[in-house]
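A short worksheet on the structure shown next.
Quick caveat: nothing in here was measured; it's all calculated off a predicted structure. The figures that follow rest on heavy atoms only: side chains count, while hydrogens, waters and symmetry mates do not.
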Amino acid sequence: MSAHPGIDRGHTDDLMSFLRASPSPYHAVANAAERLEKAGFRQVEETAPWDGEAGGRFVLRGGAIIAWYVPDGASPATPYRIVGAHTDSPNLRVKPIPDTGAHGWRQIAVEIYGGVLLNTWLDRDLGISGRLTLRDGTHHLVTVDRPLLRVPQLAVHLDRSVNTEGLKLDKQRHMTPVWGLGGVEEGDLIRFVAEETGVAADEIAGWDLMTHSVEPPAYLGRDRELVAGPRMDNLVSVHAGTAALIAATHGELPYIPVLAAFDHEENGSQSDTGADGPLLGTVLERSVFARGGTYEDRARAFAGTVCLSSDTGHAVHPNYAERHEPGHHPRPNGGPILKVNVNQRYATDGAGRAVFAAACERAGVPWQSFVSHNSMPCGTTIGPITAARHGIATVDIGIAILSMHSARELCGAQDPRLLAKALHAFLGA
């Protein structure tokens with residue numbers, strides 16, 4: 001098999017390992033934290049006092065992580081350079097009373113999380129992941145990474161119109177996975193998950209569980225120039241941002257580099273771990289005050305801060321090119337994209353374009369522009385939320401992918417590395 005000559009696969013191989021090890025937001029932040037700790041960062045508790053010493057720190061809260069590096073000589077008014085991202089992806093999440101079934105089938109009741117592309121979850125082998133909360137308040141990660149559940153599609157013999165009139169799925173009636181045969185037993189799933197996790201079922205007080213495809217990420221195509229895998233929206237950015245922050249800790253820095261990876265972007269960001277919550281602002285302010293700063297220093301630091309909101313965007317689709325803006329066709333392996341929407345669905349303006357272009361130039365990577373077709377609605381990101389909530393200049397960027405919000409998405413094999421290089425240049429400028 002031939003290999004694409006322009007692709008350095010080291011970063012992408014590592015991304016694929018990160019995707020495989022991060023089936024839920026809780027796993028993603030745990031894996032990012034592990035990498036940061038190996039690089040010398042240390043976790044700080046929100047309930048503990050903070051010091052103003054130089055070095056790397058991070059805060060974990062649920063499915064969110066905020067990490068930052070204070071260089072030697074940083075003043076209380078030193079501005080931040082922030083890479084923003086999100087850890088969650090659309091999927092099927094377990095309901096509070098999960099055990100259900102009908103007609104001799106044992107099933108698991110699920111709720112639709114985010115803008116799921118429903119048909120991509122049909123006839124796919126699914127595992128369960130997330131976290132358990134015990135009575136003592138501790139959390140335990142759950143990983144059942146083998147074929148456990150399946151949402152079976154109705155046979156074409158029983159739906160002759162499916163190929164002529166299209167597939168019609170009811171979220172309540174048609175998306176309930178099966179996981180065995182027999183009668184419904186209350187508490188069955190949680191007992192099973194407890195055993196898999198090594199905790200006592202009667203100690204479990206709560207859970208945040210979800211499904212994931214167990215098919216691993218893989219290179220795709222004759223020359224392996226594409227990558228197919230789950231949760232690229234938006235773990236590609238979490239992975240690249242983590243790598244960029246670690247790389248930015250070397251050398252003299254005029255800014256304080258930050259990684260802010262939030263949960264719940266896919267359903268509006270309104271939570272204590274979402275971008276529309278106070279977490280980022282609180283962390284940045286506490287860092288200013290820990291270094292002896294005042295509110296005046298905080299205002300000066302925020303005024304000089306820039307955030308790159310990194311999320312996936314749409315590559316031009318070869319079968320649906322008419323859905324894209326004719327003059328803007330981002331392509332895989334063409335470099336990161338600058339996302340623009342004058343109605344502020346993205347936060348980019350001309351000044352932000354200049355910051356992003358300068359970072360790409362320093363990194364030696366190409367970049368592309370994305371704007372939506374005027375007749376199509378435009379999605380949004382944490383970018384406008386971050387800009388409005390904190391008064392921080394924000395630029396929306398990302399990489400171009402196909403099959404966004406599918407259980408399995410597609411990107412260029414080179415783009416994750418190009419994104420990480422651009423983010424490093426931005427943080428370390």
Side-chain angles (χ1 to χ4, degrees), residues 25 28 63-64 66 82-91 112-118 231-238 240-241 259-281 305-317 320 323-325 328-330 336-353 355-356 367-406 409 411 415 419 423:
I66 311 292
I82 305 169
V83 170
H86 67 88
T87 62
D88 59 320
S89 300
N91 59 11
I112 308 301
Y113 178 84
V116 174
L117 201 56
L118 292 175
R231 299 176 295 281
M232 291 184 179
D233 178 11
N234 184 32
L235 294 189
V236 167
S237 296
V238 175
L259 169 67
F262 302 99
D263 202 352
H264 301 132
E265 188 272 348
E266 297 293 357
N267 59 15
S269 295
Q270 292 185 324
S271 71
D272 70 322
T273 53
D276 204 18
L279 181 59
L280 175 62
T305 293
V306 181
C307 173
L308 288 190
S309 167
S310 181
D311 203 346
T312 55
H314 302 295
V316 61
H317 197 301
Y320 300 90
R323 302 294 184 98
H324 300 268
E325 205 287 316
H328 299 74
H329 281 177
I337 56 175
L338 179 73
K339 300 158 74 172
V340 178
N341 180 266
V342 296
N343 294 304
Q344 293 301 296
R345 300 292 285 174
Y346 303 131
T348 305
D349 62 10
R353 174 190 173 101
V355 171
F356 176 66
W367 59 279
Q368 311 175 79
S369 293
F370 171 84
V371 66
S372 290
H373 193 291
N374 282 328
S375 298
M376 303 292 294
C378 180
T380 191
T381 69
I382 66 166
I385 295 171
T386 302
R389 182 170 184 86
H390 305 294
I392 289 173
T394 303
V395 190
D396 272 295
I397 67 160
I399 69 166
I401 71 170
L402 290 183
S403 306
M404 187 183 294
H405 287 197
S406 168
E409 297 162 325
C411 77
D415 282 331
L419 174 64
L423 296 180

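When all heavy atoms are compared, the tightest approach of Thr87 to Asp263 is OG1-CA, 3.7 Å. Contact record, Gly398 with Leu419: O-CD1, 4.4 Å, taken as the closest heavy-atom pair. Nearest heavy-atom pair across Val395 and Gly352 is CG2-CA, 3.4 Å. Contact record, Asp415 with Ile399: O-CG2, 3.9 Å, taken as the closest heavy-atom pair.
Put simply, the side chain of Pro90 does not reach to within 4.5 Å of the side chain of Leu117, judged on heavy atoms. Under the 4.5 Å side-chain criterion, counting only non-hydrogen atoms from C-beta, Thr312 is in contact with Met404. At least one side-chain heavy atom of Arg353 sits less than 4.5 Å from a side-chain heavy atom of Ser369. Side-chain contact check for Tyr113 versus Asp88: some heavy-atom pair is nearer than 4.5 Å.
Residue pairs meeting the side-chain hydrogen bond (donor to acceptor under 3.5 Å, both in side chains) criterion with at least one member in residues 386-406, sequence neighbours excluded: Asp233-His405, Glu266-His405, Ser309-Asp396, Thr381-Asp396. Every pair tested for side-chain hydrogen bond (donor to acceptor under 3.5 Å, both in side chains) that includes a residue from residues 338-349 fails, sequence neighbours excluded, so the list is empty.
Qualifying side-chain contact (heavy atoms from CB on, under 4.5 Å) partners for Ala315, counting only residues two or more places apart in sequence or in other chains: Pro332, Ala400, Leu402. Residues satisfying the side-chain hydrogen bond (donor to acceptor under 3.5 Å, both in side chains) criterion with Glu409, sequence neighbours excluded, are absent altogether. Applying the side-chain hydrogen bond (donor to acceptor under 3.5 Å, both in side chains) test to Thr273 and every residue at least two apart in sequence or in another chain returns His264, Ser271. Residues meeting the side-chain hydrogen bond (donor to acceptor under 3.5 Å, both in side chains) test with Asn91, sequence neighbours left out: Arg93.
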Checklist entry - Step by step, would you call His373 with Arg323 a side-chain contact (heavy atoms from CB on, under 4.5 Å)? => result CA-CA 7 Å; His373 193 291; Arg323 302 294 184 98; over 6 Å; no

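If you run side-chain contact (heavy atoms from CB on, under 4.5 Å) between Phe262 and each of Ile382, Ile385, Val238, only Ile382 comes through.
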